[in-house]
Every structure is written in structure tokens, then in C-alpha cells.
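The structure appears below as C-alpha cells.
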Amino acid sequence: MTFTLATWNINSVRLRMPIVAQFLTRFQPDILCLQEIKCRDEEFPYEAFRALGYVHMAVSGQKGYHGVATVAKAKIDIHETRDFCGVGDKRHLSVDFEHAGRNIRLHNFYVPAGGDEPDRTINPKFGHKLDFIEEMRAMRALDGTGRSSILVGDLNIAPLEHDVWSHKQLLKIVSHTPVETDGLKAVIAEGGWSDLMREKFPEPQKLYTWWSYRAKDWDAADKGRRLDHIWSSPDLAPHVTEIEILREARGWAQPSDHVPVIARFVF
DNA sequence: ATGGTTGAGGTTCAA
């Protein structure tokens, strides 16, 4: 019995509904987690998802910026939307669902990008990002209730050397500075999370999920970063049969700068 | 040399 989960920073769900439909039709994930939907809850394209068979939807949106949504073919129950850093941004949504007799909590995150200057004394957005990551350290993969956990999303940090096209050249670039990468590694270690993408494709293999819009030829330059992640509690890791990074989606019409990441499980 | 592009919602901010 295969279970398929996908995560995708869509950078405006309304603008990109055509490629979302294309993706869902072809890959048929059981659950899709979206980030940067950039619309209010009432503006979310519910009907389009319903028509594609995704009749269960949890949406936490806001006007113009951020926003996350989790859509599913089978029942999901909203657990909570947490306001990390208490600034009112819609950057987290957790849902509970049952699959093959397991109770699973799924967290969908959109971590702040952090601006350009990696110094919190002159760039408050970087400080916000560091505070957000600090708050994420309390996230536990296993909470003792017997429930398993999955955490996905655009975490806006490429934690490992081979998560970026040039480790040396990006050490002072926001998303790959030591304070950020150490912070995310601490979230993983203290929370007891398994990094499913890296368990499947260990270093030194390069893994990217994002390519800047600013590159002249993103494919040829290939200056990517692994900003999107799929983590789980360790009990689920042995059930992962496949991880796919859909690089081709970066070349689709009017693309997001992020591509979908898909995890397949067999229970 | 402080580039380059995209999206939302307005003539600018965030990414």
C-alpha cells in the first residue's frame, strides 16, 4: 500500500494553478503541502482542487505574502496553525491523519527567507529567521503518544555542504551561513528527526530544490540550493521507498523557483 | 559595478 506525499513552494497558488493541476494529475500524491500560496483563505482555489480529487483542504493564508496549505484525497484534521515569533505570519500548519493504522501528524512550514544581509544587528529579517529556527528546536518527532510525525516545507536553509552549488562561495550568503545551518542541524538533532532526502541520497551527491529566477539560464548554470525538506520520525524512515525531486518542474511554463519534492512510503 | 527576476498589489516590498 503506497502512500505519496509532496511538498512544493508554489509562489502564488492562484497564478500557478495550471501547473499544480498538471502535477497532481500526473503524480497523484495522497497529500500535497504548499507554501507561499500568497492569498487569503477565501481566495484559495478550493474548487479547482476539489475537481482534481483533493476534497480535504487545510488552508492558512494571508493577503499577498506567505501562507501554507495542505490538500489531501483522504481525510485530514487540522491540528493547529502556530504563530512562530508572534508576528502574525501564516507560516505553519499541522494536520493529523491516519494511514495503514498509523496516526501521523504532518507539519507544513514556510521559514522566513531572512533578507540579504546575514547580520541581525542591521537586518531584522535575518534576526526573525534565526528566532524562528530557535523556536523550531522544540519540535519533537516523537512525542510519546504513539503518533508518528512528518515535517515538510520550504525551510529556506541549505544545511549541508552539498546542498548548495558552492559551499565556499555561499558561506556568507543567507540560507547557507553557519549560524543558520548549525541552527537547522540542531532542530534535526534535538527533535530526533530523520532527513529523508539525505537518507536516500547521501552526501556528496548534490541535491537542489530551488534555482533563482535571476539566473540567465538556470539549467545550464545549475546554481541551485536544497531549501525544501522532508523529515520524519525515525519509525517512518524504513518505509520510504522513493524520494523524487522534480527538477523538470523548474522548466515548466511560468514556473515557481522551487520544484516539488515527493516521498513515497510503503506500509 | 551591489547586479539579476518574479509576484502581489499597488507606484514598493519580499523573496
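Each chain gets a letter, A, B and so on, in the order the sequences are listed, and its residues count up from 1.
- Side-chain heavy-atom separations under 4.5 angstrom define the hydrophobic clusters, and the remaining members of the one that includes A:Met17 are A:Trp8, A:Ile10, A:Val13, A:Ile19, A:Val20, A:Phe23, A:Leu24, A:Phe27, A:Leu32, A:Leu34, A:Ile37, A:Phe44, A:Tyr46, A:Phe49, A:Leu52, A:Tyr54, A:Met57, A:Val59, A:Val71, A:Leu246, A:Trp252, A:Ile262.
- Among the heavy atoms of the strands lying under 4.0 Å from A:Arg16 are primed sugar atoms or P, OP1, OP2 only; no base atom is included.
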Please produce a list of atom pairs where a protein N or O lies less than 3.5 Å from an N or O of nucleotides 10-13 of chain B.
| residue | atom | partner | partner atom | Å |
| --- | --- | --- | --- | --- |
| B:dG10 | OP1 | A:Lys63 | NZ | 3.3 |

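- Under the ring-ring contact (aromatic ring centres under 6.0 Å, His included) criterion, the residue pairs touching residues 56-86 of chain A are A:His66-A:Tyr110, A:Phe84-A:His92, A:Phe84-A:Phe109, A:Phe84-A:Phe132, with sequence neighbours excluded.
- Straight-line distance from the CH2 atom of A:Trp211 to the P atom of B:dT6: 17 Å, rounded to whole Å.
- Rounded to a whole angstrom, the distance from the C1' atom of B:dA15 to that of B:dG9 is 15 Å.
- Atom CH2 in A:Trp218 sits roughly 23 Å away from atom P in B:dA15 (whole-Å rounding).
- With rounding to whole Å, A:Arg14 atom CZ is found 10 Å from B:dG9 atom C1'.
- Residues passing the side-chain contact (heavy atoms from CB on, under 4.5 Å) test with A:Thr121 are A:Asp119, sequence neighbours excluded.
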Short heteroatom pairs, N/O only, protein and nucleotides 1-4 of chain B, under 3.5 Å:
| residue | atom | partner | partner atom | Å |
| --- | --- | --- | --- | --- |
| B:dG4 | N1 | A:Arg214 | NH1 | 3.4 |

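- Qualifying side-chain hydrogen bond (donor to acceptor under 3.5 Å, both in side chains) partners for A:Thr181, counting only residues two or more places apart in sequence or in other chains: none.
- Rounded to a whole Å, the NE2 atom of A:His128 is 9 Å from the P atom of B:dA15.
- Around atom CG of A:Asp116, no more than 12 heavy atoms belonging to other residues, nucleotides or ligands sit under 6.0 Å away.
- Applying the side-chain hydrogen bond (donor to acceptor under 3.5 Å, both in side chains) rule to A:Asn11 yields the partners A:Lys38, A:Tyr213; only residues at least two apart in sequence or on another chain are considered.
- Of the P atoms belonging to B:dC13 and B:dG3, the separation is 14 Å, rounded to the nearest Å.
- Remark: C1' of B:dA15 and CD1 of A:Ile10 are 15 Å apart, rounded to the nearest angstrom.
- On the C1' atoms, B:dG7 is 15 Å away from B:dT11, given to the nearest whole Å.
- Whole-Å rounding puts the A:Ile37 CD1 to B:dA14 C1' distance at 16 Å.
- Between the C1' atom of B:dA14 and the CG atom of A:Asn156 lies a distance of 11 Å, rounded to the nearest Å.
- Nucleotides B:dA14 and B:dG10 are separated by 14 Å at their P atoms, to the nearest Å.
- Between A:Arg91 and B:dA15 there is a side-chain polar atom (N or O) within less than 4.0 angstrom of OP1 or OP2.
- Residue A:Lys172 qualifies as open at atom NZ: its count of foreign heavy atoms under 6.0 Å is 12 or below.
- Using a cut-off of 4.0 Å between Lys/Arg side-chain N and Asp/Glu carboxylate O, A:Lys63 and A:Asp41 are scored as not salt-bridged.
- Closest-nucleotide positions on DNA chain B for A:Gln254 and A:His66 were compared, and the one nearer the 5' end corresponds to A:Gln254.
- When the side-chain contact (heavy atoms from CB on, under 4.5 Å) test is applied to A:Ser60, the partners found at least two apart in sequence or on another chain are A:Val68, A:Thr81, A:Lys90.
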Using residues 133-140 of chain A as the side-chain source, report each donor-acceptor pair under 3.5 Å to any protein atom, sequence neighbours left out, with the distance given to one decimal.
| residue | atom | partner | partner atom | Å |
| --- | --- | --- | --- | --- |
| A:Glu135 | OE1 | A:Cys85 | N | 2.8 |
| A:Arg137 | NE | A:Glu190 | OE1 | 3.1 |
| A:Arg137 | NE | A:Glu190 | OE2 | 3.4 |
| A:Arg137 | NH2 | A:Glu190 | OE2 | 2.6 |
| A:Arg140 | NH1 | A:Arg137 | O | 2.9 |
| A:Arg140 | NH1 | A:Glu190 | O | 3.2 |

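- In this entry the distance linking CH2 of A:Trp210 with P of B:dT6 reads 13 Å, nearest Å.
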